[in-house]
Protein chains: 2
Amino acid sequence: MKSGPTIQDIAASAGVSKSTVSLVLQESPRIKAETAEKVREAARALGYVYNRGAANLRGRRSTTIGMVINDLTNPFFVELLVAIERVLAQAGYTTLMAHTAESIETQTRVLRSMREQNVAGLIMSPALGTPDNLPAEIQSWGVPLVLVMRPMGTNVDTVGVNNAHGFALATEHLIQQGHTRIAFAGNRKGYTVANQRREGYLSTMARHDLSVSDEWIIDVELTPKGGRDAVRAIFDMKPRPTAVVCYNDQVAFGVLHELDRMGKRAGQALAVVGCDNVVAAEHTNPPLTTLSAGADKLGTMASSTLLARLEQTDGPKKPVIQYFAEPDLVIRESSIGIRVPAKAD
Amino acid sequence: MKSGPTIQDIAASAGVSKSTVSLVLQESPRIKAETAEKVREAARALGYVYNRGAANLRGRRSTTIGMVINDLTNPFFVELLVAIERVLAQAGYTTLMAHTAESIETQTRVLRSMREQNVAGLIMSPALGTPDNLPAEIQSWGVPLVLVMRPMGTNVDTVGVNNAHGFALATEHLIQQGHTRIAFAGNRKGYTVANQRREGYLSTMARHDLSVSDEWIIDVELTPKGGRDAVRAIFDMKPRPTAVVCYNDQVAFGVLHELDRMGKRAGQALAVVGCDNVVAAEHTNPPLTTLSAGADKLGTMASSTLLARLEQTDGPKKPVIQYFAEPDLVIRESSIGIRVPAKAD
DNA sequence: CTGAAAGCGCTTACAG
DNA sequence: CTGAAAGCGCTTACAG
């Protein structure tokens, strides 16, 4: 930890006061152009490095934003993170990222650490099982919070997806293909997102007067391993479902893999639909039909929402923003058994 | 940005000086147990939050470590990042992560930002095309640096993989299967890692007296798209290669996909080997034979190397550490056309 | 348009 | 075992 020159050194070298140096560094219009240039020149000559920590301490505001993600092994969240980081960086903020791996303990630890680091705001995709009162607690710290993907009540800014609508689309699509026995892989009772997705599926089945056997709603890990387990379960049922709606692409990948291992092909032996449209969904064998809400768009929305909250320093408190994107269904071979020509390849 | 209580407030509330409070917070043994308990109680009652920024400013040392990653869309780097973060967190450091997306400009920007944030050390997987003198420049800042995956000379701590050995293993394996015309997909002239991988392939071909046609060394993007392009190129050659060694798993995924699209199967029409053994390699159709150096092990090594450097405050400068893991070949169906039973499934 | 002064919330010798 | 004092590198009223 070497010290390096400070604004004091620049002031001495440029023959001005450190107030002036500070103002130049902030590009204040109050300083005459020539003076400013002289100061900048001195800073360059000395190899000056701005100490953001000291500035934050004195200025009482910070330019770092914390970002807490539950699962980076799911590429969807990586795409989201990249989008968020891009927008924040453009706005001049530094992003402090942390990964909780769905662990509440880790989440508690990183949140404390971020609070100690004095983050200006927080974007978080909460770990499964996060206590309901966490958003309120974070808000009581005076730190603006935006939730992504996983809503927790109506009192906190949230950017997510209309899951019920998406899973209705997916189910509808399979019914149009003539399927009547459709399973749902990835049930997770008690979690908002899982409930929304299951409801989208169930309500669509009901609307078409299709009955749903209990065993079709399959409780599995939300990973490729879970998808493999789901396929084995499905092929043990009789009569067995001819299609499956998966909780997300990770689960669907496991489904495709297990089918292949059994010498069967998705789209023929079993129609498969995923959710998230991660980049890899286009490259699976066969390519995966999946719901797309646009990680990039969601990430951009989340950052903008937080930035808006940070600008709004005073004045009447703006109302809570809750935005839920409407997903589209991207149809590929896994649900129809027919090759779909790739566009612009 | 609300202010919250400071050590001054705790001091007043506990009836001691702020020096004492500071020492208690640092768990100094110099403070009597009862006094310490009284202070902690007051801190709890006031809802005190430690201000790490102020501590770093005064203490002249920081507990945040910067981590700069070139490509988070490649799951290998995500696995690496997760391992690094875990170790650093255990050691009480906060990780400032940034993603460059292989852009030199972004890399320059995030490095400057991290320097302003006063990071204690830096772990970096440099973007392609990073100027040779960057490691020396960072070291001149007085910030310890560990390079991961992409070596840049012998004067900087580095954790990587013995790529030449790995690609020799991969090529050897294909030759053992009876292949004599073997292609290499993912050539990138001038980059160290690409050179090492190509050399491992070429030297093994030479050792077996197998000649290599120029066109077999295929220059493609290091993405699934590149893999698809490589397959098309291979099937245009005559006589055509019967096997391909891919730069990494991302390229190999594209190869598997394009083969499937052509109605062919990897392992039969074309033997395929990848590199990195990302989690998804186990779930592709067919499963992918690939080189494994252990992202977890590499990440752990990289963090430990940096932590060791940070401990060593003074004394004679320790010699540069350069560690290169020896990869293993994980054999799956894509290279042999035969299903390999998964272990413990 | 510029400077002197106070202070952000801590840590760290130093003294007792 | 504890306290008084100085100071880390900045910003921000305030004065001129």
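Naming convention: chains lettered A, B, ... in sequence-line order (proteins, then strands); numbering from 1 in each chain. All heavy atoms count here, side chains included; hydrogens, waters and symmetry mates do not.
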Where the side chain of Lys32(A) is defined as all heavy atoms beyond and including C-beta, which of dT2(D), dA6(D), dT2(C) is the nearest nucleotide?
-> dT2(C)
Decide whether Asn70(B) and Ser125(B) meet the rule of one side-chain donor and one side-chain acceptor closer than 3.5 Å.
-> yes
Closest non-hydrogen atom pair between Ala83(B) and Ser303(B), with its separation = O-OG, 4.5 Å
Hey, is the side chain of Thr35(B) poking within less than 4.0 Å of OP1 or OP2 on dT2(D), counting only N and O atoms?
-> yes
Whole angstrom is fine here: how far is it from CZ in Arg52(A) over to P in dG9(D)?
-> 16 Å
Would you classify Val39(B) as touching base, sugar-phosphate or nothing, given that sugar-phosphate means primed atoms plus P, OP1 and OP2, and contacts are heavy atoms under 4.0 Å?
-> nothing
Going by distance alone, is a donor N or O of one side chain under 3.5 Å from an acceptor N or O of the other, for Thr64(A) and Gln117(A)?
-> no
Identify which one of Met301(B), Glu79(B), Arg86(B) satisfies the side chain to side chain contact (heavy atoms under 4.5 Å, CB included) criterion when paired with Asp296(B).
-> Arg86(B)
Could you state the atom-to-atom distance from CD1 of Ile7(B) to P of dT12(C) in whole Å?
-> 11 Å
Which comes earlier along DNA chain D counting from the 5' end, the contact point of Ala54(B) or that of Pro29(B), where each point is its nearest nucleotide?
-> Pro29(B)
Across all strands, who's sitting opposite dC1(D) as a Watson-Crick or G-U wobble pair, both distances under 3.5 Å?
-> dG16(C)
Give Val21(A) one of three labels, base, sugar-phosphate or nothing, depending on what nucleic acid heavy atoms sit under 4.0 Å from its own.
-> nothing
When the nearest nucleotide of DNA chain C is assigned to Ala36(A) and to Leu57(A) on a heavy-atom basis, which residue is associated with the more 5' position?
-> Ala36(A)
Between dT2(C), dC10(D), dT12(C), spot the one nearest the side chain of Gln26(B), thanks.
-> dT12(C)
Ser22(B) has a side chain; which of dC10(D), dT11(C), dG9(C) sits nearest to it?
-> dT11(C)
Would you kindly give the CG-to-C1' distance between Asn51(B) and dG9(C), to the nearest whole Å?
-> 6 Å
Is a side-chain donor-acceptor pair under 3.5 Å present for Ser19(B) with Ser22(B)?
-> no
Would you name the heavy atoms of Leu298(B) and Val161(B) that are closest together and state the gap between them?
-> CD1-CG2, 3.7 Å
Are there any protein N/O atoms within less than 3.5 Å of an N/O atom in nucleotides 3-5 of chain D, and if so, which ones and at what distance?
from   : atom 1 : to       : atom 2 : distance (Å)
dG3(D) : OP2    : Ser17(B) : N      : 2.9
dG3(D) : OP2    : Ser17(B) : OG     : 3.2
dG3(D) : OP2    : Thr20(B) : OG1    : 2.5
dA4(D) : N7     : Ser19(B) : OG     : 3.3
dA4(D) : N6     : Ser19(B) : OG     : 2.6

d(CZ, Arg58(B); P, dG9(D)) in whole Å | 9 Å
Take the protein atom CG of Asn118(B) and the nucleotide atom P of dG9(D), then report the distance between them rounded to whole Å.
-> 10 Å
Close side-chain approach of Gln322(B) to Asp157(B), heavy-atom, < 4.5 Å | no
Between dT2(D) (C1') and Lys38(B) (NZ): distance, integer Å | 11 Å
Separation of dC10(D) P from Asn56(A) CG (nearest whole Å) | 12 Å
